[in-house]
Amino acid sequence: MDGSRMILKAASPLNHGGLLAVSTSAIPNKKFQPSSTRRSHRRLLMRAKTSVETDMLAKDSVGTDTVDDNDFGVVSMHHVGILCENLERSLDFYQNILGLEINEARPHDKLPYRGAWLWVGSEMIHLMELPNPDPLTGRPEHGGRDRHTCIAIRDVSKLKAILDKAGIPYTLSRSGRPAIFTRDPDTNALEFTQVDV
């Protein structure tokens, strides 16, 4: 797969709403995907494709004769749920500072609490207006040492300028890689890591 490119449909201002070309050669396979994992991932993708095709033809559930009973077909991360105390305040941050757009197709009035679904590429953040069980004080200064959500972006320096202009504090990656950590209005930690596209 070295040197190949995948084309993904992007639906976020962070991806400019167009097609996003991702070079798979930029992914350090040995560090994150051992060769046995790559083979397993390829088998998983083939099984998922076959399963979808079979489902379309037979409208039947997956049989019990699968090769691996523990393989339930992981495809990708669908969304991350983030608790917020005040939905409007959080939407101001996620929409007006970070530039995320609401997914109008997702139901927001069918749950017993207020919320919103925001696009992050082809995945989403689900903001949920509920009491936040995390303390507001005593959290690590650096968000990388706390529970956090990581969003891949193209240019950390541009986000740094946006956060500086808005007066929002942040820390840079301690490892020296291009990444920036900040917190939303409810002190939920967010990491933005720069990726090559």
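Index from 1, following the sequence.
In this structure, H126 and L111 have side chains that are in contact, with non-hydrogen atoms separated by less than 4.5 Å. Here the side chains of I168 and I162 are not in contact, with every heavy-atom distance at 4.5 Å or above. Using a 4.5 Å cut-off on side-chain heavy atoms (C-beta onward), D186 and L83 make no contact. Side-chain contact check for Y94 versus I82: some heavy-atom pair is nearer than 4.5 Å.
Between the CD atom in E191 and the OG1 atom in T149 there is a gap of 10.0 Å [rounded to 0.5 Å]. In this structure, CG in L98 is found 11.5 Å from CG in L91, a value given to the nearest 0.5 Å. Here T193 contributes atom OG1 and I153 contributes atom CD1; the two are 8.0 Å apart, rounded to the nearest 0.5 Å. In this structure, the separation between CD on Q194 and NZ on K158 is 10.5 Å, given to the nearest 0.5 Å. With rounding to the nearest 0.5 angstrom, the CG atom of L87 is 5.0 Å from the CZ atom of R114. One finds the CG atom of D184 at 5.5 Å from the OG atom of S90 (value rounded to the nearest 0.5 Å).
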What's the verdict on side chain to side chain contact (heavy atoms under 4.5 Å, CB included) for R139 and R183, showing C-alpha distance, side-chain angles and the deciding distance? CA-CA 11 Å; R139 307 282 288 279; R183 292 185 182 274; 3.6 Å; yes

Yes or no on side-chain hydrogen bond (donor to acceptor under 3.5 Å, both in side chains) for D134 and T187, after CA distance, side-chain angles and deciding distance? CA-CA 8 Å; D134 290 328; T187 69; over 6 Å; no

Check step by step if side chain to side chain contact (heavy atoms under 4.5 Å, CB included) holds for N188 and N132. CA-CA 9 Å; N188 295 302; N132 191 339; 3.7 Å; yes

Intermediate values then yes/no, side chain to side chain contact (heavy atoms under 4.5 Å, CB included), W119 and L100: CA-CA 6 Å; W119 283 115; L100 302 183; over 6 Å; no

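Of all heavy-atom pairs spanning S175 and S173, the tightest one is OG-OG, 2.9 Å. Residues A189 and D146 share a closest heavy-atom pair of CB-CB, 4.4 Å.
F181 and H148 have perpendicular rings, their planes meeting at more than 60° on a 0 to 90° scale where under 30° would count as parallel.
For R89, the CZ atom sits in a packed shell: over 12 heavy atoms of surrounding residues, nucleotides or ligands are nearer than 6.0 Å. The environment of CZ in R177 is crowded: more than 12 heavy-atom neighbours from other residues, nucleotides or ligands sit within 6.0 Å. The environment of E141 atom CD is sparse: at most 12 non-hydrogen atoms of other residues, nucleotides or ligands sit within 6.0 angstrom.
Checking I180, T182, D155 one by one against K160, the side-chain contact (heavy atoms from CB on, under 4.5 Å) holds for a single residue, I180.
Linking ILVMFWY residues whenever their side-chain heavy atoms come closer than 4.5 Å, directly or via other members, leaves M124 and M128 in distinct clusters.
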